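Read the structure below first, then the notes.
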There are 2 protein chains.
Amino acid sequence: MNSRFSTAVHILTLLASTPEERVTSEYIAMSVGTNAVVIRRQLALLREAGLVESKGARGGGWALTRTPERIRLSEVRAALGKEASFRMHRNEPHPKCVVGQNVRQALEGVYAGAEQAVMASLKGWTVADMLREVRLAAQAAHATAGNGVKRTPRNPAG
Amino acid sequence: MNSRFSTAVHILTLLASTPEERVTSEYIAMSVGTNAVVIRRQLALLREAGLVESKGARGGGWALTRTPERIRLSEVRAALGKEASFRMHRNEPHPKCVVGQNVRQALEGVYAGAEQAVMASLKGWTVADMLREVRLAAQAAHATAGNGVKRTPRNPAG
DNA sequence: TTTATCGTAACATTTTTTGTGACGCTTTTA
DNA sequence: TAAAAGCGTCACAAAAAATGTTACGATAAA
């Protein structure tokens, strides 16, 4: 994966933070600091996974299809496809090298296990968790700026 | 991370497969199908982590510092540094957006957990495991080519 | 019928990763 | 002691991947 997962979480948290109204890709783009098309590309993937829905035309925009409590970050990762955190080296190994010819196959098992572990970990977080963490952090930052008090946000995942 | 982890495992497995003799970066490069400098760069990292040692000059080359049973893939990942499987988006979020300003911090917790999960998974594999898997795969391939018989390699990790 | 949106393709740019050549240093060995 | 075979590493080149941009069609609300 690249930074797309980060962006996706950013987007979903933003949508979660304004449950009453649709948000346009243009607006999201400003918030994230990028171009609307980039955002639409991401949202297209999330929509395929059934996490968000869009409405075209005037007054349109994007919204979550479920409450944020019911969107797990493991689903977000799945939505972004197999963009490979764990990537094989693509070099052509020497044809006579037994290791080179077979190490990929061996690695596949390793990667499958690691990917499962990641998904299990991400399953412990929801978009609602993220929104809460964000708000806590914001509060803390504000408090610090104001009077030096700082709170430690609670960590809900395992 | 990129494909460096894959390459590193390839290299270490290769070293494990010839315990009696040192292997030159040139040779490894041929096996992997790349340039010797690339290999040396990788090996430099693995050396810093104490997994391999090199000897310059004629007759020199690379060798493992321990038996392959005692090198866990989690150590390999650690050796390659924090090259981020889980990467933040680097866009500058809009200064007024609460989500944008704080989502990174929230994500850090998520990523820390995921990284731990990956490491725990990789800890279940050693270089010796990889070598065994490679040999099983090679045998299977050979058997298939010869007479159609195929074996399923055992999967040792959890 | 104008306007605000999405959808998407084509192209441009930037960033990251990988590869290459060159050259100095070290140790073995003839 | 000089040649040879290694490593170590820098600077640069090339390739690949990711991200950003422009443009334009389609659609529905106003």
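Each chain gets a letter, A, B and so on, in the order its sequence line appears, and its residues count up from 1. Predicted model only: the values in this text are computed from it and were never measured. Reckoned from all heavy atoms, side chains included, excluding hydrogens, waters and symmetry mates.
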Salt bridge flag under 4.0 Å for residues Arg132(A) and Glu69(A)
no
How many Å lie between CD on Gln42(A) and C1' on dG7(C), as a whole number?
15 Å
What integer distance in Å separates Arg40(B):CZ from dC23(C):C1'?
11 Å
Could you list the residues that satisfy side chain to side chain contact (heavy atoms under 4.5 Å, CB included) with Thr18(A), not counting sequence neighbours?
Glu20(A), Glu21(A), Val23(A)
Give a yes/no answer on whether the side chain of Ser3(B) brings an N or O atom under 4.0 Å of OP1 or OP2 in dT17(C).
no
Return each pair, listed once, that meets side chain to side chain donor-acceptor pair (under 3.5 Å) where at least one residue sits in residues 55-65 of chain B; pairs must be two or more places apart or across chains.
none
Any pair counted as salt bridge (Lys or Arg N to Asp or Glu O under 4.0 Å), so long as it reaches residues 104-121 of chain B, sequence neighbours left out:
Arg77(B)-Glu115(B)
Under the side chain to side chain donor-acceptor pair (under 3.5 Å) test, which residues partner Ser54(A), sequence neighbours left out?
Arg47(A)
Specify whether Tyr111(A) and Phe86(A) have parallel, tilted or perpendicular ring planes, treating 30° as the upper limit for parallel and 60° as the lower limit for perpendicular.
parallel
Return the set of residues passing side chain to side chain contact (heavy atoms under 4.5 Å, CB included) with Glu48(A) (not counting sequence neighbours), or none when no residue passes.
Leu45(A)
At a heavy-atom distance below 4.0 Å, what parts of residues 15-35 of chain B sit against DNA chain C?
Thr34(B), Asn35(B)
Can you tell me if Arg87(A) touches the phosphate of dA17(D), counting only side-chain N or O atoms and a distance under 4.0 Å to OP1 or OP2?
no
As a test of reading the structure: which of dC7(D), dC6(C), dT17(C) is closest to the side chain of Trp62(A), going by heavy atoms?
dC6(C)
Give the rounded distance in Å between these two atoms: CZ of Arg90(B) and P of dT14(C).
12 Å
With sequence neighbours excluded, what pairs up with Pro68(A) under the side chain to side chain contact (heavy atoms under 4.5 Å, CB included) test?
Ala16(A), Leu64(A), Val127(A), Ala128(A)
Sub-3.5 Å pairs of nitrogen or oxygen atoms, protein against nucleotides 27-29 of chain C:
none

Please determine, for the side chain of Val37(B), which listed nucleotide (dT17(C), dT9(D), dC6(C)) has the closest atom?
dT9(D)
Excluding sequence neighbours, so at least two apart, what forms side chain to side chain contact (heavy atoms under 4.5 Å, CB included) with Ala49(B)?
Leu51(B), Ala79(B)
CG of Leu45(A) versus P of dT8(C): gap in Å, rounded?
11 Å
Rounded distance in Å - CD1 (Ile11(A)) to P (dC6(C)):
12 Å
Assign each of Ala36(B) and Arg41(A) the nucleotide of DNA chain C bearing its closest heavy atom; nearer the 5' end lies the nucleotide of Arg41(A)
Starting at atom CG of Asn91(A), determine the distance to atom P of dA16(D), rounded to an integer number of angstrom.
11 Å
Rounded to whole Å, the CG-P distance (Leu43(B) to dG6(D)) equals 15 Å
Atom pair distance, as rounded to whole Å: NE2 in His89(B) and P in dT19(D)
11 Å
